[in-house]
Amino acid sequence: MSTLTTANETPEFLYATSGEIFRAESPFPGVEIAPTPISTKADVVSATAVARAAQLAWSQTSLKHRVVILNRYHDLVLEHQDELASIIQRETGKARAHAVEEVLQVAMISAYYAKNAKKLLTPSNRAGVLPVLTQVKVMPAPKGVVGIISPWNYPFTLSMCDILPAILVGNTVVLRPDEQTMWSAIRGLELLFEAGITSGVVTMVSGPGSTIGSGLIDQVDYVCFTGSTATGRIVGAQAGARLIGASLELGGKNPMIVCADANLNKFLDIATRACFTSAGQLCISIERMYIHESIYEKFLAAFVVRVRELILGAGVGWGYDVGSLVGPAQLSRVTEAVSKAVSQGAKIEAGGGHRPEIGPYVYEPTVLSGVTKVMEISTDEVFGPCVYVQPFKTIEQAIALANDSIFGLSASVITADTKLGKEIAVQLRTGSVNVNEGFASAYGSVDAPMGGMGASGLGRRHGIEGLLRFTQPQTIATAHVATLSPKLGLSEEQWSGILVKFLRIMKALRLR
Ligand code: NAD
């Protein structure tokens, strides 16, 4: 029996004094995860107070200093990639390749923000009320203390990829990771301290979302939440009541449109990755596939063969394609969604079975057909290894089907004609569209924003948008001649007349 960690000491940055512990269960047979201490609501207050006390000094360190830390973090993450991937695998049950992708994504984000920090955060000069005589700069001021509530499905990426830009702009952070995946977050923070952040720059709390997560929203100046749409609505309402900003990265029911001219082999590679990475427990994974009727039978038959060939596994290391679901709740969720669809008339083309002999929560990659609009599975996120396929006649119909969802996170278009792919893309109501990829080309392009339209959320991570959400614009206007009030003994009325003339001249000279 292997143990994730035997560390008995609570890390200094984790505020958890309840005396109670949480025992996460590894989805892998024979693997134990060391328990983690649980915070009290008072710990949330303390962790935020410490982060608040550290914020001013941190924001006054030079940007150069913070960039050095991000560059060091990049190197440390790559140095420890094997260890990190093992922790992620043990806590989430995902295949090694998908755990490594998490690690690489964090390294990419560190390097990207380190390289572009100066360019993205340079204060902008704006036109002053009196040209030359009033100088105006808009500064990207930090929000203060940012609360980050991260989920279990990408525990390392979705904690660190928000922490890094938040601290880069001078915020301090209180992180509340999901209880299932505490060690992925703890190890991520230990390396960040090793990279050079000082005490208080990031603190951590642990415990149930409904008490500790919610308690955190009551303390911070901005909240960054990743999770389901249902919880996102609660988080958004709570943030709204406090008049603090929130970025909400929520659920999806992501469509793929496969055009008549698509190449079969390319489709098979792309679709398999798009549907079954992290056993489908990925917000941007494809759950609906619309295939042109002229190629539908052929593509479906080949897809089913490919899906059945996927090697399932549940253990730390390489050697299999698709891992386990994270635990019993996810297994019930997927099993129930598929059984219900079948009871309503859907047909299982591939998979559809629980495989306890491989691992207690392993579920086969599943392809359904015959899904109709009345079935819940047609609209509700499964968040598991399950996709349904449906033929379409015209591109217009495919676009309408893809857009027929409350969600709008990610979409994919497969076609040999990239011009057509882009024409379809702009008609889709999703935050990202991948032409000739499933999700990786948009998600991996960290210079570009990533987030949802509609019920998939508010705000964006990655790129300049993912950085500026952690700032608030502050205008600093410096007057080089004092005040705009009457001068030279003029009356208010005479002064107003001068101002009217001044505005007319300015417009005529196109100076404003
Ligand atoms: P969830 O909403 O049930 O939980 C997410 C986190 O929020 C958990 O850690 C939970 O403990 C916490 N939480 C619960 N109630 C809370 C409250 N009242 N206040 C604060 N926090 C609270 O989601 P889940 O099922 O654990 O995660 C899967 C969902 O996350 C899927 O819908 C998936 O699409 C979505 N997701 C979205 C993205 C994205 O970038 N858009 C990324 C990953 C996952």
Side-chain angles (χ1 to χ4, degrees), residues 22 24 36 38-39 41 44 91-92 94 98 102 105 147-159 161-162 174-182 184-185 204-220 223-239 241-242 246-254 277-287 325-334 337 380-384 405-410 430-432 439 442-443 449-462 465-466 469:
F22 182 81
T36 44
I38 296 178
S39 305
K41 278 201 159 184
V44 179
E91 289 190 325
T92 63
K94 65 180 69 181
H98 309 146
E102 275 207 54
Q105 180 79 4
I148 295 179
I149 300 172
S150 56
W152 49 265
N153 68 322
Y154 274 66
F156 183 60
T157 297
L158 295 177
S159 298
C161 287
D162 289 330
V174 184
L175 174 68
R176 182 270 167 195
D178 193 274
E179 299 118 295
Q180 172 65 29
T181 49
M182 286 289 291
S184 298
M204 185 191 251
V205 290
S206 66
S210 54
T211 52
I212 301 303
S214 170
L216 182 58
I217 302 166
D218 281 339
Q219 299 297 318
V220 292
V223 62
C224 176
F225 171 82
T226 307
S228 66
T229 295
T231 313
R233 290 185 203 281
I234 298 169
V235 170
Q238 196 180 341
R242 287 201 59 230
S247 63
L248 306 169
E249 307 288 346
L250 310 178
K253 185 79 185 173
N254 309 301
T277 290
S278 278
Q281 299 165 117
L282 169 64
C283 56
I284 45 185
S285 102
I286 296 293
E287 293 201 3
L325 295 172
V326 73
Q330 272 298 107
L331 178 64
S332 309
R333 178 176 174 162
V334 176
D380 296 357
E381 184 184 38
V382 177
F383 210 56
S405 171
I406 60 163
F407 296 112
L409 191 54
S410 184
T430 55
S432 307
F439 57 76
Y443 189 65
M450 143 87 204
M453 296 183 183
S456 289
L458 295 173
R460 298 287 185 271
R461 54 165 59 100
H462 299 173
E465 294 82 358
R469 74 192 150 138

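Sequential numbering from 1 along the given sequence is applied to the chain's residues. Counting convention: from 1, in listed order, for ligands and their atoms alike. In this text, all values refer to a predicted model and were calculated from it rather than measured experimentally. Computed from heavy atoms alone, side chains included, the values below leave out hydrogens, waters and symmetry copies.
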Open item on the list: Show me which atoms of ligand 1 lie under 4.0 Å from any heavy atom of Gly213.
Closed with: 20 (C)

Open item on the list: Would you compute the distance between atom CG of Asp218 and atom NZ of Lys41 and round it to the nearest 0.5 angstrom?
Closed with: 6.5 Å

Task: Identity and distance of the protein heavy atom lying nearest atom 27 (O) of ligand 1 - done: Trp152 NE1, 4.0 Å

Open item on the list: Quick check for you: to the nearest 0.5 Å, what is the distance between Glu102 atom CD and Asn153 atom CG?
Closed with: 7.5 Å

Open item on the list: Tell me the protein heavy atom at minimum distance from atom 34 (O) of ligand 1, and give that distance in Å.
Closed with: Glu381 OE2, 2.6 Å

- [ ] Just need the protein heavy atom nearest to atom 30 (O) of ligand 1, so name the residue and atom and give the distance.
- [x] Gly227 C, 3.0 Å

Open item on the list: Is there a polar contact, in the sense of an N or O pair closer than 3.5 Å, between Ile149 and ligand 1?
Closed with: no

Open item on the list: Quick check on Gln330 - does any of its heavy atoms sit under 4.0 Å from an atom of ligand 1?
Closed with: no

Open item on the list: What's the separation between atom CZ in Arg461 and atom SG in Cys224, rounded to the nearest 0.5 Å?
Closed with: 6.0 Å

Open item on the list: Which label fits Phe383 and Trp152: parallel for a plane angle under 30°, tilted from 30 to 60°, or perpendicular past 60°?
Closed with: perpendicular

TODO: Measure the distance from atom 36 (N) of ligand 1 to every protein heavy atom, then report the residue, atom name and distance (to 0.1 Å) of the closest one.
DONE: Cys283 CB, 3.5 Å

Task: Mode of Leu158 contact toward ligand 1 - side chain, backbone, both, neither (heavy atoms, under 4.0 Å) - done: side chain

- [ ] Would you mind running through ligand 1 and noting each atom that sits below 4.0 Å from a heavy atom of Arg461?
- [x] 40 (O)

- [ ] Around atom 6 (C) of ligand 1, find the nearest protein heavy atom and jot down its residue, atom name and distance.
- [x] Phe225 CE1, 3.9 Å

- [ ] May I have the step-by-step check of side-chain hydrogen bond (donor to acceptor under 3.5 Å, both in side chains) for Ser278 and Tyr154, ending in yes or no?
- [x] CA-CA 9 Å; Ser278 278; Tyr154 274 66; 2.8 Å; yes

TODO: Number the atoms of ligand 1 from 1 as they appear, then name those within less than 4.0 Å of a heavy atom of Gly209, with their elements.
DONE: 11 (O), 12 (C), 13 (N), 14 (C), 15 (N), 16 (C), 17 (C), 19 (N), 20 (C), 21 (N), 22 (C)

Open item on the list: Only heavy atoms of Phe383, strictly under 4.0 Å: list the atoms of ligand 1 that pass.
Closed with: 28 (C), 31 (C), 33 (C), 34 (O)

- [ ] May I ask you to identify the nearest protein heavy atom to atom 23 (O) of ligand 1, giving residue, atom name and distance to one decimal place in Å?
- [x] Ser228 N, 3.3 Å

TODO: Please name the residue in the list Thr226, Asp162, Leu458, Leu158 that meets the side chain to side chain contact (heavy atoms under 4.5 Å, CB included) test with Glu249.
DONE: Thr226

Open item on the list: At under 4.0 Å between heavy atoms, is it the side chain or the backbone of Leu250 that contacts ligand 1, or both, or neither?
Closed with: backbone

Open item on the list: I need the atoms of ligand 1 closer than 4.0 Å to a non-hydrogen atom of Asp178, numbered in the order shown.
Closed with: 8 (C), 9 (O), 11 (O)

TODO: Give the residue and atom name of whichever protein heavy atom lies nearest to atom 15 (N) of ligand 1, and the separation in Å to one decimal.
DONE: Thr231 CG2, 3.3 Å

- [ ] Quick one: do Ile149 and Ile217 satisfy side chain to side chain contact (heavy atoms under 4.5 Å, CB included)? Show the steps, please.
- [x] CA-CA 9 Å; Ile149 300 172; Ile217 302 166; 4.0 Å; yes

- [ ] Could you tell me which atoms of ligand 1, counted from 1 in the order shown, lie closer than 4.0 angstrom to a heavy atom of Arg176?
- [x] 8 (C), 9 (O), 10 (C), 11 (O), 12 (C)

Open item on the list: Can you confirm whether the side chains of Ser184 and Glu91 place a donor and an acceptor under 3.5 Å from each other?
Closed with: yes

TODO: Look at ligand 1 and say whether Gln281 reaches it with a heavy atom at a distance under 4.0 Å.
DONE: no

TODO: For ligand 1, find out whether one of its N or O atoms is nearer than 3.5 Å to an N or O atom of Gln238.
DONE: no

Task: Point-to-point distance, once rounded to the nearest 0.5 Å, from OG1 of Thr157 to CD of Gln105 - done: 6.0 Å

Open item on the list: With side chain to side chain contact (heavy atoms under 4.5 Å, CB included) as the criterion, how do Lys94 and Gln281 come out once you've worked through the C-alpha distance, each side chain's angles and the decisive distance to 0.1 Å?
Closed with: CA-CA 9 Å; Lys94 65 180 69 181; Gln281 299 165 117; over 6 Å; no

Task: Atom pair CG (Asp178) and OG (Ser206), whose distance is rounded to the nearest 0.5 Å - done: 11.0 Å

TODO: Considering the heavy atoms of Thr226, write down every atom of ligand 1 situated less than 4.0 Å from one of them.
DONE: 5 (C), 37 (C), 38 (C), 39 (C), 40 (O), 42 (C), 43 (C), 44 (C)

- [ ] Any chance you could lay out the side chain to side chain contact (heavy atoms under 4.5 Å, CB included) test for Val174 and Gln219, step after step, and finish with the verdict?
- [x] CA-CA 10 Å; Val174 184; Gln219 299 297 318; over 6 Å; no

- [ ] Could you tell me if any non-hydrogen atom of Tyr154 lies under 4.0 Å from any atom of ligand 1?
- [x] no

- [ ] Hey, could you give me the SG/CG distance between Cys283 and Leu250, rounded to the nearest 0.5 Å?
- [x] 9.5 Å

Open item on the list: Suppose I only count heavy atoms of Asn153 and a 4.0 Å limit; which atoms of ligand 1 are within that range?
Closed with: 43 (C), 44 (C)

- [ ] Apply the test side chain to side chain contact (heavy atoms under 4.5 Å, CB included) to residues Val382 and Lys253: give CA-CA distance (whole Å), side-chain angles for both, the deciding distance (0.1 Å), then the verdict.
- [x] CA-CA 8 Å; Val382 177; Lys253 185 79 185 173; 3.9 Å; yes

Open item on the list: Check contact between Ser214 and ligand 1, using heavy atoms of the residue and a distance below 4.0 angstrom.
Closed with: yes

